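The structure appears below as C-alpha cells.
Reckoned from all heavy atoms, side chains included, excluding hydrogens, waters and symmetry mates. Predicted model only: the values in this text are computed from it and were never measured.
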Amino acid sequence: LERDGYKFNGKSIVPVGQVEIEQLENATSLLDKTHFQEYTNRIKESIDTDPSLAIGSAKELLESTLKTILTEMGIGFDKNDDVPKLLKETQKALELVPGNVDNAKKGADIIKVLLSNLGQVAIKTTELRNLYGTGHGKVKSSGLNSRHARLAVGSAITLCTFLLETFELRKK
C-alpha cells in the first residue's frame, strides 16, 4: 500500500499524507458527533478533489468549535461575530491569552509565541477561505491545490483539538 501512496489507518485505506481527522473526533466528549461529522466528512471527501471546499469547511469547523466552547462555558456571543472575535473570547475563557503567560515560568517566551501563532492559524485560515475557499456565494476558485488544503485543514484541526482538550482540562 505505502509503495502506491496509501496506508491502512485501522479503519480504512487512505492516501498517505491525508489529514488525520480522528484526533479531533477523539479530543472531547463535548463534540456533537453528528454536527462535527458534517465538517469532517466534507473535509475528508474534498481535500484531494475540491481544495476550496476543504478550506471553507476548515474555517467552518474552527468557527463551530469556538462557538461550541463559548456556549458550553456560558459565554455569550453575537451570531455575527467573526472568527477573530470568537477566538479572542475563547482564548480569554480558556486562559490562553499569550500576554497573560507568567514570565517567571520556564519557556514562557516560547509558550507565548506558540499561543500567538495558534491564534494566527484561525485568522489566516479564515482569510485563506475568503480568498480561495467556498462561501459568500462564490463559485469554485482555483489557485490552490490539495497540499494547500492539507496545510489549512491540518492546522485548523490541530488548533480545534488543542482548544477542545484545553476545555476538557479546565472543566475538570
Spatial distance of atom [atom1] ([X]) from atom [atom2] ([Y]) [nearest 0.5 Å]:
X      : Y      : atom1 : atom2 : value
Lys88  : Ile123 : NZ    : CD1   : 10.0 Å
Glu168 : Glu72  : CD    : CD    : 9.5 Å
Arg129 : Leu53  : CZ    : CG    : 11.0 Å
Arg170 : Glu165 : CZ    : CD    : 12.5 Å
Cys160 : Leu66  : SG    : CG    : 7.0 Å
Ile69  : Lys171 : CD1   : NZ    : 10.5 Å

Sequence neighbours excluded, which residues qualify as side-chain contact (heavy atoms from CB on, under 4.5 Å) partners of Ala152? Ile55, Leu128

Set of side-chain contact (heavy atoms from CB on, under 4.5 Å) partners for Val101, sequence neighbours left out: Ala108, Ile111, Lys112, Leu115

Using the rule that Ile, Leu, Val, Met, Phe, Trp and Tyr join whenever any side-chain heavy atoms are under 4.5 Å apart, tell me whether [X] and [Y] fall into a single cluster.
X      : Y      : answer
Leu96  : Met73  : yes
Leu62  : Val97  : no
Leu114 : Leu164 : no

Is there a donor-acceptor pair closer than 3.5 Å between any side-chain N or O of Ser64 and the backbone N or O of Glu60? no

If only atom types and distance count, is the side chain of Arg42 paired as donor or acceptor with the main-chain N or O of Ser57 below 3.5 Å? no

Which heavy-atom pair separates [X] from [Y] by the least distance, and what is that distance?
X      : Y      : result
Ser116 : Pro98  : N-CG, 3.7 Å
Leu94  : Phe167 : CD2-CA, 3.7 Å
Leu151 : Ser155 : O-OG, 2.8 Å

side-chain contact (heavy atoms from CB on, under 4.5 Å) with Leu159: of Leu163, Thr161, Ile157, only one passes, and it is Leu163

Got Arg150 and Asp48 here, is their nearest side-chain heavy-atom distance under 4.5 Å? yes

Heavy-atom check, side chain of Phe77 versus side chain of Glu89, under 4.5 Å: no

Pair Lys67, Leu86 - check side chain to side chain contact (heavy atoms under 4.5 Å, CB included), show working. CA-CA 7 Å; Lys67 287 180 175 180; Leu86 293 168; 3.7 Å; yes

Scan residues 74-86 for pairs that pass salt bridge (Lys or Arg N to Asp or Glu O under 4.0 Å), counting only residues two or more places apart or in two chains. Asp81-Lys85

